[in-house]
Amino acid sequence: MNLYTLISASVVVVLAIFFSLPLLNPTYWLSLNLKSWLWIPIPSSSLSSSPVIADLVVRNGVIYTSDESLPFADSMAIHNGRILRLGNFSFVQELAADGTEELDLGGKVVVPGFIDSHVHLIYAGLQMARVELHGINKKDEFVRKIKEAVRNAKEGSWILGGGWNNDLWGGELPLASWIDDITPYNPVWLNRMDGHMGLANSVALKLSGISNLTKDPEGGTIVRTVDGEPTGLLIDSAMKLLLPYIPEDTVNERREALVGATNHALMRGVTTVVDFGRYYPGVSAELPWEDFSDVYQWADASKKMMIRVCLFFPMETWLRLHDLIGKMGRAISQWIYLGGVKAFADGSLGSNSALFHEPYADEPHNYGLQVTESEILYNITMASEKSGLQVAIHAIGDRANDLILDIYESVVSTNGMRDRRFRIEHAQHLAPGAAARFGRQGIVASVQPLHLLGDADTATKKLGTDRAQKESYLFRSLLASNAPLAFGSDWPCCCFRL
């Protein structure tokens with residue numbers, strides 16, 4: 001990647017780190033509706049003849065208002081979850097009374113709650129309780145972490161974890177042989193940080209029946225030695241050969257995962273997320289639906305929701321979502337909104353499964369994987385769009401992005417113009433002219449700047465310098481084409497935790 005791109009990414013990350021500091025206890029801000037920072041009139045029907053009294057007054061802060069006429073204030077008054085007044089302390093204090101709580105911010109910064117446009121919330125919470133491999137930069141440390149997990153596990157139980165990035169230790173892909181000697185009685189499954197590749201040990205391969213005779217499934221790859229033996233690495237849809245053998249997470253584990261992930265997000269100022277669920281190539285499409293009923297609806301009914309979520313479901317289940325919206329509406333509550341549907345066009349760059357027009361520089365015969373057939377993608381996109389659902393499709397490689405842009409264009413030409421807000425998740429590598437198509441077609445580019453830090457060196461190795469610099473992370477080109485950009489973290493599938 002060129003120096004300008006790397007510096008730009010660094011600036012984004014510095015700003016993100018600055019504004020994600022746990023400046024305030026998040027419980028103060030859970031119920032605040034920050035749609036407006038100006039004085040919000042309270043409906044007369046809810047008022048007595050007495051003036052409105054604030055429940056909470058915060059003072060001595062640096063409050064960013066997003067209003068050009070008053071960019072910053074040092075105090076604000078809040079009533080029943082809404083901001084009544086912003087300004088200096090004497091002005092705001094007019095709305096205080098004996099029962100008003102007062103909070104001294106001590107000069108800390110206050111900003112409106114962040115919206116993360118792409119996360120996997122419950123999956124992130126589950127991952128927090130498993131073997132954490134983010135940031136590991138040595139093979140010995142990778143092995144040590146697994147050895148430590150085995151020491152604390154019962155014989156026969158699964159060792160689960162993830163977040164590893166082989167580029168941090170030079171690019172060599174891990175092998176089952178790295179950990180077989182220390183895991184003779186425990187099956188192991190460790191996701192790469194992008195979620196599109198994972199490592200199984202030999203116990204797990206045997207348990208799931210994966211051998212040199214097993215064929216690659218459509219849209220997936222079993223990585224093999226020159227002799228045809230599985231190395232332990234499974235890419236994209238090949239993961240479905242193993243995942244059914246892993247015990248399902250219990251309802252309580254998933255509920256605890258929601259609470260843990262929510263607290264983690266709130267401490268970093270994130271108050272709303274677009275959640276794409278526990279859905280990846282090779283994973284059952286039922287998981288997001290189970291989480292909706294077992295976790296989100298439970299949390300909402302028991303008043304345990306602390307973060308607003310916009311939920312997306314597997315596109316193959318579009319009819320189910322359409323029927324649910326017909327019965328319950330899109331807004332289940334103030335906390336839960338039914339967003340739309342998602343599908344996958346390709347894999348990821350780090351797993352060499354993103355789909356490109358030209359082959360990988362480090363694998364001259366590999367162009368990547370098309371995870372879902374074009375005809376299937378077109379048909380379910382057409383059906384979902386006709387039913388009024390918002391559509392989001394994962395596309396990383398330049399060929400995958402062109403494929404989805406073509407599908408979206410064809411659907412619009414058939415169904416006519418309307419405000420449909422098609423999304424492409426990641427839009428990471430774009431062929432010449434593709435950025436302009438995003439703007440011309442009004443496609444939302446849902447991008448993750450944090451991925452650039454993990455790919456800064458990887459892209460050059462895998463694509464070559466010219467392609468990496470001209471086709472990767474074209475945020476400025478997308479903006480110049482008037483394409484809507486939505487920023488997210490893809491937590492936990494990123495090089496840093498949210």
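- Considering only residues two or more places apart in sequence or on other chains, N60 meets the side chain to side chain donor-acceptor pair (under 3.5 Å) condition with D104.
- With hydrogens and angles left out, the side-chain atoms of S351 and D194 include a donor and acceptor closer than 3.5 Å.
- Residues satisfying the ring-ring contact (aromatic ring centres under 6.0 Å, His included) criterion with W289, sequence neighbours excluded, are F313.
- Here N252 pairs with T250, R255 under the side-chain contact (heavy atoms from CB on, under 4.5 Å) rule; sequence neighbours left out.
- The side chain to side chain donor-acceptor pair (under 3.5 Å) test applied to Q297 returns no partner, not counting sequence neighbours.
- Residues meeting the ring-ring contact (aromatic ring centres under 6.0 Å, His included) test with Y408, sequence neighbours left out: F422.
- When the ring-ring contact (aromatic ring centres under 6.0 Å, His included) test is applied to F312, the partners found at least two apart in sequence or on another chain are F276.
- Residue pairs meeting the salt bridge (charged side-chain N to carboxylate O under 4.0 Å, His left out) criterion with at least one partner in residues 421-431, sequence neighbours excluded, are D419-R421, R423-E425.
- Taking the ring axis of F89 as reference, the NZ or CZ atom of R59 stays within 45° of it and closer than 6.0 Å to the ring centre.
- Legend: residues meeting ring-ring contact (aromatic ring centres under 6.0 Å, His included) with F72, ordered by chain and number and at least two apart, are Y64.
- Taking the side chain to side chain donor-acceptor pair (under 3.5 Å) definition, one finds that R418 meets it with E385, sequence neighbours left out.
- Residues that satisfy the side chain to side chain donor-acceptor pair (under 3.5 Å) test with S117, not counting sequence neighbours, are absent from this structure.
- In this structure, a donor-acceptor pair under 3.5 Å is present between the side chains of S472 and H429.
- Identified under the salt bridge (charged side-chain N to carboxylate O under 4.0 Å, His left out) test for residues 428-449, with sequence neighbours left out: D406-R437, E409-R437.
- The closest side-chain donor-acceptor pair between H134 and E132 falls under 3.5 angstrom.
- Ring centroids of H118 and H394 are separated by 6.0 Å or more, keeping the two rings apart.
- By the salt bridge (Lys or Arg N to Asp or Glu O under 4.0 Å) test, D167 pairs with R192, sequence neighbours left out.
- At least one side-chain heavy atom of D455 sits less than 4.5 Å from a side-chain heavy atom of T458.
- Nearest heavy atom pair, residue M193 against residue G163, reads CB-O, 3.6 Å.
- In this structure, K461 places its NZ atom where more than 12 heavy-atom neighbours from other residues, nucleotides or ligands lie under 6.0 Å away.
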